[in-house]
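Since we're looking at a predicted model, the values are computed, not measured. Per chain, numbering begins at 1; letters A, B, ... match sequence-line order. Below, all heavy atoms of this structure are taken into account, side chains as well, without hydrogens, waters or symmetry copies.
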Number of protein chains: 2
Amino acid sequence: MDTNAAEDFFKNSSNFLLNVAVDNVIFGYHEKELKVLLQQPFALDKWTVTGGYIQKTESIAEAAARVAHMRTGLTGLFLEQFQSFGNPQRVKDNGFTAKHIAEVTGYDIPENSWIFDYFVSIAFYTLTEFSKVKITKSEFEAECQWWPVSELPLMMFDHELIIKEALKALRLHIAHYPIGYELLEEKFTLPEIHNLYETILAKPLDDRNFTKKLLATGIITKLNEKRQISGHRPPYLYKFNKEKYDEGLKSGVELVF
Amino acid sequence: MDTNAAEDFFKNSSNFLLNVAVDNVIFGYHEKELKVLLQQPFALDKWTVTGGYIQKTESIAEAAARVAHMRTGLTGLFLEQFQSFGNPQRVKDNGFTAKHIAEVTGYDIPENSWIFDYFVSIAFYTLTEFSKVKITKSEFEAECQWWPVSELPLMMFDHELIIKEALKALRLHIAHYPIGYELLEEKFTLPEIHNLYETILAKPLDDRNFTKKLLATGIITKLNEKRQISGHRPPYLYKFNKEKYDEGLKSGVELVF
DNA sequence: CAAATAGTGTCTTTTAGACATTATTAA
DNA sequence: TTAATAATGTCTAAAAGACACTATTTG
């Protein structure tokens, strides 16, 4: 998109739905930390979750997948719609004005551009493999990077609330469905998946009871290999039993910790 | 609204958000049956749940409450947002066209009226006292009445799916939060609340275990009165312990049956 | 053999679930 | 005394939760 095309974009929304958009809270797990992918629109000083407008030819789920793909390069993400946010004040921010954006970017944006309208946000969250994500920012973003959910930067609009609610939904989800397939390597150890659960739930889980319950579901299978780690006893590797895992996604697996 | 005002409404959406609306699945409980309030737009032959457009000055929750109040006369309803629905096909229906509506109603509606646009629906459900609802239909509806959820009429758009998903969400909700305050009279008997749970969950619940668990939560209190019913042993009356009930709404009460 | 972490079993308490008899009222 | 429905307790099985020692590797 060149500058003229970009400016046309702000004047004319003809390809997109008005007043409604999607936002994706993209979670990644890395080194015992839960992170979320944030972007900085127009080099403003606040951050937002990744999101985008809905094309007139696509469903809201398709829009969420398309937007997530643009930022991460990943397809086939498991996107879970968890809540919609809408009130006249939610996209008002003193940094998000035509004047300010023009100053920072040089774009000539009409004061009454549709992008400043009341937008209802249909919010999704997803879990992705941190290491496989190839972050691609759009021309409208200054930065796009991972942030630990426990140390978020200053957020624009109601996006801090959106992340909080996404986390709540994720923690509810984890009690009823298997998780981890998108977050761990193909082969992983019990301490690794144990850590993942502890990180997402933000509380310690007794290792004996955790292992007992997880193995009882049958969603993971022990391999005849160990991870090579020096200095102490090497842990066994496991992999997901994809059949049981997918069945659990459909019909539910109680894993209350 | 006179006819001119109505026709202006179809041409000009200026007070409302475009491409996004709210739909309310209003559940009522009556005589051991769970019912849902449906309306018949424009005297067409299909039914929809109650819904409406969002004003530019209100939040989506306020819109849902306003629309529900218009139909039922009730305020302070507990409206629970459970899912949003959006795809380009969802509001296409061969009965829902300018031509057909003009034939049935006499309104002169432009073929390209905004009401035929792609609309994302933010869906809520609520539980109300069947007997206290004073149904008020809008001028755009031929009928508005209760239907048993087990015997729905022919539904327009994706509204049958919306009701199914609302029921799913309600049944999930009932396992984690107290319910019934809006559905029963102030004083009620154990068999009555037992029946309510059986109806919503659509399965029989052992009366001894049901009573044991429900009483253990402390959300209901036994009164020193009995309901006068002739021909057999009269049941004791109970009322909700509003304090415990409200606390349960906030922090959750596990009542898994 | 010391350091570091992996791996595992038992006991207790709580909860869920199955199940049948007695109580009260009006006619 | 019969018909109708209300009220209630016990036993068993399963699950949750607390808890601590042994195993394996490297340096």
When you match A:Asn209 and A:Pro234 each to their closest nucleotide on DNA chain C, which lands nearer the 5' end?
A:Pro234

Measure CG/A:Asp207 against P/D:dA16 and give the value in whole Å, please.
17 Å

In this structure, how many angstroms lie between the C1' atom of D:dA7 and the CG atom of B:Asp206, rounded?
13 Å

Side-chain N or O of A:Lys212 less than 4.0 angstrom from OP1 or OP2 on D:dC19?
no

Tell me the closest heavy-atom pair linking B:Phe257 and B:Lys213, and the distance in Å.
CE2-CD, 3.8 Å

Nearest-angstrom distance from the residue atom CZ of B:Phe188 to P of D:dA6
15 Å

Could you tell me how far apart A:Glu254 (CD) and D:dG17 (P) are, to the nearest whole angstrom?
13 Å

B:Thr189 or B:Arg208: which one's nearest nucleotide on DNA chain D is closer to the 5' end?
B:Thr189

Nearest-Å distance, CD (B:Gln228) to C1' (D:dT5)?
14 Å

Between atom CG in B:Asn195 and atom C1' in D:dT5, what is the gap in whole Å?
12 Å

What pair of heavy atoms forms the shortest contact from B:Val253 to B:Gly248, and how long is it?
CG2-CA, 3.5 Å

Please state how far atom CZ in B:Phe210 lies from atom P in D:dT8, giving the value in whole angstrom units.
14 Å

Quick one: closest heavy-atom pair of B:Phe210 and B:Ile193, and the distance?
CZ-O, 3.9 Å

What's the spacing between A:Leu152 CG and A:His159 NE2 if we round to 0.5 Å?
12.5 Å

Chain A footprint on DNA chain C, 5' to 3' - any atom under 4.0 Å from a heavy atom
C:dA3 to C:dT10

Over how many whole Å does the gap from B:Ile193 atom CD1 to D:dT5 atom C1' extend?
18 Å

Give me the ring orientation class for B:Phe130 and B:His30: parallel if the planes are under 30° apart, tilted from 30 to 60°, perpendicular past 60°.
parallel

Among residues two or more places apart or on two chains, list those pairs meeting ring-ring contact (aromatic ring centres under 6.0 Å, His included) that have a residue in residues 161-187 of chain B.
B:Phe78-B:His173, B:His173-B:Tyr177, B:Tyr181-B:Phe240, B:Tyr181-B:Tyr245

Between D:dT25 and A:Lys226, is there an OP1 or OP2 to side-chain N/O distance shorter than 4.0 Å?
yes

What's the closest nucleotide to the A:Arg233 side chain, out of D:dA20, D:dA4, D:dA23?
D:dA23

For A:Lys244, I'd like to know if atom NZ has over 12 heavy atoms of other residues, nucleotides or ligands within 6.0 Å.
no

